Amino acid sequence: MIVPKTFQHPLFFATDTVDIETLQPFPMMMKQVPFYYDITNEEKPWQQKERALPAVFQLWDEEKRELAPLFAKRQAKQAKDGIIRGISYFLCALYWLNERPIGNICCWEEEVQSLSLRPLNVIDRLSFIFARPALHHSFVQLDELFIELAKLFYKQMVQQKRD
């Protein structure tokens, strides 16, 4: 698969192509290729956020269970890839909550600034995580961002059901 220039951020892609081992059902392709659904427009999960976001939150919970023991053993370097996957999950969930796909991961700060639903200080917090993905504090901060994002999502679901 060819990675568009707008997604060629060095944290996520070392080259402009990615080998896809096997196609898997939603949301499992996100484990293989960051931003897979935003790049391919295959499933358009931002149009089905009631189904998509809980699935992404579940992906993070699985990743978190694998990462926690690594940080407990001070094996931060082994945790780096999992944190990077977690960042990609978070960004997808953040955009999808706002009912839009990611357009340009290389300029994520400007795009995130334009989103109406987002956790407090998300740009500063993500900037820290982007700069130091192997730190335990980045892991803790990313988990906190997921918790806040889930609250925003479930609050929005309750409000929509009332209306």
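All of these numbers come straight from a predicted model, not from anything done at the bench. Note that the numbering runs from 1 along the sequence shown for the chain.
The distance between the ring centers of Trp60 and Phe146 falls below 6.0 angstrom. Aromatic rings of Tyr95 and Phe35 (six-membered ring for Trp) have centroids beyond the 6.0 Å cut-off, not under it. Between Trp46 and Tyr37, a ring centre-to-centre spacing not shorter than 6.0 Å is recorded.
No donor-acceptor distance shorter than 3.5 angstrom exists from the side chain of Asn98 to the backbone of Arg100, with no hydrogens or angles considered. No donor-acceptor pair closer than 3.5 Å links the side chain of Glu111 to the backbone N or O of Ile105. Formation of a donor-acceptor pair under 3.5 Å by the Gln32 side chain with backbone atoms of Thr22 is found in this model. At least one donor-acceptor pair closer than 3.5 Å links the side chain of Gln8 to the backbone N or O of Val3. Judged by distance alone, with hydrogens and angles left aside, the side-chain atoms of Asn121 form no donor-acceptor pair with the main-chain N or O of Asp124 at under 3.5 Å. Side-chain atoms of Asp38 do not come within 3.5 Å of backbone N or O of Pro101 as any donor-acceptor pair. Using a distance-only test at 3.5 Å, with no hydrogens or angles considered, a donor-acceptor pair links the side chain of Arg125 to the main chain of Leu120. Of the possible donor and acceptor atoms, one in the side chain of Ser138 sits under 3.5 Å from a partner among the backbone N and O of Arg132.
For Glu110, the CD atom counts as densely surrounded, since its 6.0 Å shell holds more than 12 non-hydrogen atoms of other residues, nucleotides or ligands.
A 4.5 Å side-chain heavy-atom check between Tyr36 and Val18 finds every atom pair outside the cut-off. For the pair Glu42 and Phe26, the minimum side-chain heavy-atom distance is 4.5 Å or more. Gln113 is listed as a side-chain neighbour of Arg118, based on a closest heavy-atom distance under 4.5 Å. Residues Trp108 and Ile102 fail the side-chain proximity criterion, which asks for heavy atoms closer than 4.5 Å. Counting heavy atoms from C-beta on, the side chains of Phe7 and Cys106 never come closer than 4.5 Å.
The only option from Val56, Leu53, Leu115 that meets the side-chain contact (heavy atoms from CB on, under 4.5 Å) definition with Leu97 turns out to be Leu53.
With sequence neighbours left out, Glu109 forms a salt bridge (Lys or Arg N to Asp or Glu O under 4.0 Å) with no residue at all. Under the rule for a salt bridge (Lys or Arg N to Asp or Glu O under 4.0 Å), the partners of Glu43 that lie at least two apart in sequence or sit in another chain are Arg51.
In plain terms, the two heavy atoms of Ala79 and Leu67 that are nearest each other are O-CD2, 3.4 Å. Taking every heavy atom of both residues into account, Trp96 and Ala52 meet most closely at CE3-CB, 4.1 Å. Met30 and Tyr89 get closest at one heavy-atom pair: O-CE2, 3.7 Å. Smallest separation of non-hydrogen atoms from Ile83 and Leu142: O-CD2, 3.9 Å. Considering all non-hydrogen atoms of both residues, Ala93 and Phe57 come closest at CB-CE2, 4.3 Å. Considering every non-hydrogen atom in both Ile84 and Leu11, the closest pair reads CG2-O, 3.4 Å.
If you take OG1 on Thr17 and CG on Asp19, they are separated by 6.5 Å, rounding to the nearest 0.5 Å. Rounding to the nearest 0.5 Å places OG1 of Thr40 at 8.0 Å from CD1 of Ile20. Leu126 CG to Leu94 CG: the interatomic distance, rounded to the nearest 0.5 Å, is 7.5 Å. Distance check: Glu148 CD to Phe90 CZ gives 8.0 Å after rounding to the nearest 0.5 Å. The distance from the CE atom of Met29 to the CD1 atom of Ile39 is 10.5 Å, given to the nearest 0.5 Å. To the nearest 0.5 angstrom, Leu135 atom CG is 10.5 Å from Lys80 atom NZ.
Leu23 and Met28 end up in the same hydrophobic cluster when Ile, Leu, Val, Met, Phe, Trp and Tyr side chains are linked at under 4.5 Å.
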Legend entry - Stepwise side chain to side chain contact (heavy atoms under 4.5 Å, CB included) check, Ile129 with Phe139: CA-CA 8 Å; Ile129 298 166; Phe139 170 64; over 6 Å; no
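Electrostatic pairing of Lys31 and Glu63 does not count as a salt bridge here, judged by no charged N lying under 4.0 Å from a carboxylate O.
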Would you tabulate the side-chain donor-acceptor contacts of residues 150-162 under 3.5 Å, counting partners in other chains and residues two or more places apart, or write 'none'?
from, atom 1, to, atom 2, distance (Å)
Gln156, OE1, Lys49, NZ, 2.5

